[in-house]
There are 2 protein chains.
Amino acid sequence: MSLKNSGYALAITVLIYCTSCTTQTENTNTNSLPETNAPLPSWKETAPRNAIITYVSEVTDTSSSNYIPVADRIATFDNDGTLWSEQPIYFQFFFALDRVKAMAPDHPEWKNKQPFKAVLENNMGELMKQGEKGLLQIVMATHAGTTTDEFESLVSQWIATAKHPTKDKLYTELVFQPMLELLDYLRENEFKVFIVSGGGIEFMRPWTERVYHIPKDQVVGSSVKTQYDYNNGKPFIKRLAELDLMDDKEGKPVGINRYIGRKPVFVAGNSDGDLQMMRWADSNTLKTFKLYVHHTDSVREWAYDRQSHIGTFDKGFDEAKEKGWTIVDMKEDWNVVYLFEKQ
Amino acid sequence: MSLKNSGYALAITVLIYCTSCTTQTENTNTNSLPETNAPLPSWKETAPRNAIITYVSEVTDTSSSNYIPVADRIATFDNDGTLWSEQPIYFQFFFALDRVKAMAPDHPEWKNKQPFKAVLENNMGELMKQGEKGLLQIVMATHAGTTTDEFESLVSQWIATAKHPTKDKLYTELVFQPMLELLDYLRENEFKVFIVSGGGIEFMRPWTERVYHIPKDQVVGSSVKTQYDYNNGKPFIKRLAELDLMDDKEGKPVGINRYIGRKPVFVAGNSDGDLQMMRWADSNTLKTFKLYVHHTDSVREWAYDRQSHIGTFDKGFDEAKEKGWTIVDMKEDWNVVYLFEKQ
């Protein structure tokens, strides 16, 4: 993910999108695909699908000069906008807003204290005026102060029940079916698949195993500092209100080095926030594959790129074209976006 | 690993051991074991081996009430003193001393500057006088300032050639054969095995795959902060002279949470530095196994526990006995310590 001008832009986006979300059109595509054993069935037989299959076939062929040993088959995927949608705002921010409302009874002072007052009154104009500082207050108030166990439980409950405001679907239903198939295809070819996201590591881990089949220890994300306490024989780890890793832009190669310890050979992203990860992979001496998802489908999903405040795809777009990286046109290259379209 | 009174004690240890290392006795055991398909062949048929096999059999039995799903089969192993030896000082410190000598031509000022002067003159008495501050200077001078690629290359070259001062073996030959068999046995039973060590994560990763069959992304250790730079199309990550995670004592549960995201069910350590990791696992709702390696073999390895400055085993010893955790007596419970004994 990438956030132009950081929190302030996000606040503007909250205002613009959340006050105009009735204009969103829900997808009515009932396309049903034939069952097939060929890989990537939700991908049209266009250039990106062919390029992926050609690459994977080559680097897993022991007779190829570009053969990659299994231990080096590291694939890293961005999450927001790459594996699931990210409009009108990052889904994690909906979680934060819902947490403010759920926590409000224990914080009577929030009724008269910004930025919480604006959230509780659904006053997005006022929330916008609170700027970056206000947004940071919301994130820290809702993402710190609990134990790691408590936070996992909160996320698990929310992700199982909360629905997207315009799509009226669970957030985990808004994952991209073609990308799920790509994860499977890579794993079948002995790639080890990681998420490398600007989203919170502990916001993702409670559900990535179920939804993406990616285990918790293969999730890299932004994090807060933590502290261990023995608590008279009942140890816990507390989440502190201090940033540890901001796993976006320059933070992505840093996160990859910290958690994975080797350069990926296959990378997927959708925004300028993934550009440093793309370049990091591109500097690998092994043959690599760089895939950018371009949001071009205003009917089934959303259409946005250079001018968007969420998932800005501008410098990355230029560099991908210049260097011949694969750009997936969601509208043209995917038979389906979400699995529920087929039902 | 555990370091009593931190660096100062280490300096004393450097002095005591490095000036008296001729008293070390090299192992002459030529015990050769029969080839067998039974698990853990280098373990004697004593209580620890039986307890391990009973535990693994139970938690992988789907009909057992203590059955553990594969995703939860997380095993975490300390490294220094648990998977390989750690006397007379942590092997990583030998690397640091060798680095000072290798870097000296580029640092003519070190000839007259402590603590480097003491290292270059092999004057351990003087090095001791430099205290904790001096040791930290040595570690930072030798572990920071390079790129991650350069550091990996330095470690790889050193680990392939440097020999232990008294055992006259490569450091990677000083790994415990029974523990290698335990790693294999757990993996055969679909446990995912991690190292969780106070040692440097980037000191371990270059060789853990080859020696332990543990991939780089399953190594958790102490780390320095890092910084990404694009460098005109040649990106690199620089290692900074600032501590990121001290993965020892309270840092071990923090590291486990950061890198793995779930509590382990099987833990192995050898010192008080592993006690918090033991307690963290012990608080798991799933059935767990806590294993302490007790260094009792002054002939084949070393004998030390409560009073040792390296690998202090005192509070952990008491708690293990009180709570019925498994304590491996290296002398009594292992047929061999090192593989070369069999050759």
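The shown structure was predicted, so the numbers you read here are calculated from the model rather than taken from an experiment. Letters A, B, ... mirror the listed sequences (proteins, then strands); counts begin at 1.
To the nearest 0.5 angstrom, B:Ser283 atom OG is 10.5 Å from A:Asn231 atom CG. Note: B:Lys216 NZ to A:Asn257 CG = 9.5 Å, rounded to the nearest 0.5 Å. Here the CG atom belonging to A:Leu275 is positioned 7.0 Å from the OH atom belonging to B:Tyr230, to the nearest 0.5 angstrom. The CD atom of A:Glu202 sits 11.0 Å away from the CZ atom of B:Arg258 when rounded to the nearest 0.5 Å.
With chain B as the partner, the residue from A:Lys192, A:Lys234, A:Glu250 showing the most heavy-atom pairs under 4.5 Å is A:Lys192. Heavy-atom pairs under 4.5 Å with chain A were tallied for B:Gln276, B:Gln227, B:Lys225; the largest tally goes to B:Gln276. Most heavy-atom pairs under 4.5 Å with chain B, from the set A:Asp282, A:Asp244, A:Leu245: that is A:Asp244. Per-residue counts of heavy-atom pairs under 4.5 Å with chain A were compared for B:Val219, B:Val254, B:Ile201, B:Asp217; the largest is that of B:Asp217. Note on A:Pro206, A:Gly261, A:Gly233: by heavy-atom pairs under 4.5 Å with chain B, the leading option is A:Gly261.
Contact annotation for B:Lys323: only side-chain heavy atoms (C-beta onward) come within less than 4.5 Å of a heavy atom of chain A. Of the two parts of B:Pro215, only the side chain, counted from C-beta on, holds a non-hydrogen atom closer than 4.5 Å to a non-hydrogen atom of chain A. When heavy atoms are compared at a cutoff of 4.5 Å, B:Gln218 approaches chain A solely by way of its side chain, counted from C-beta outward. In this structure, chain A has heavy atoms under 4.5 Å from both the backbone and the side chain of B:Ile237. Only the side chain of A:Arg205 comes within contact range of chain B, judged by heavy atoms closer than 4.5 Å.
Across all non-hydrogen atoms, the minimal contact from B:Phe236 to A:Trp280 is CA-CZ3, 3.7 Å.
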Q) Can you check side-chain contact (heavy atoms from CB on, under 4.5 Å) on B:Lys263 and A:Thr148, steps first, answer last? A) CA-CA 11 Å; B:Lys263 286 179 185 173; A:Thr148 52; over 6 Å; no
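A 6.0 Å sphere centred on NZ of B:Lys315 holds no more than 12 heavy atoms belonging to other residues, nucleotides or ligands.
Using the six-membered ring where Trp is involved, B:Tyr259 and A:Tyr259 have ring planes that are tilted, between 30° and 60° apart.
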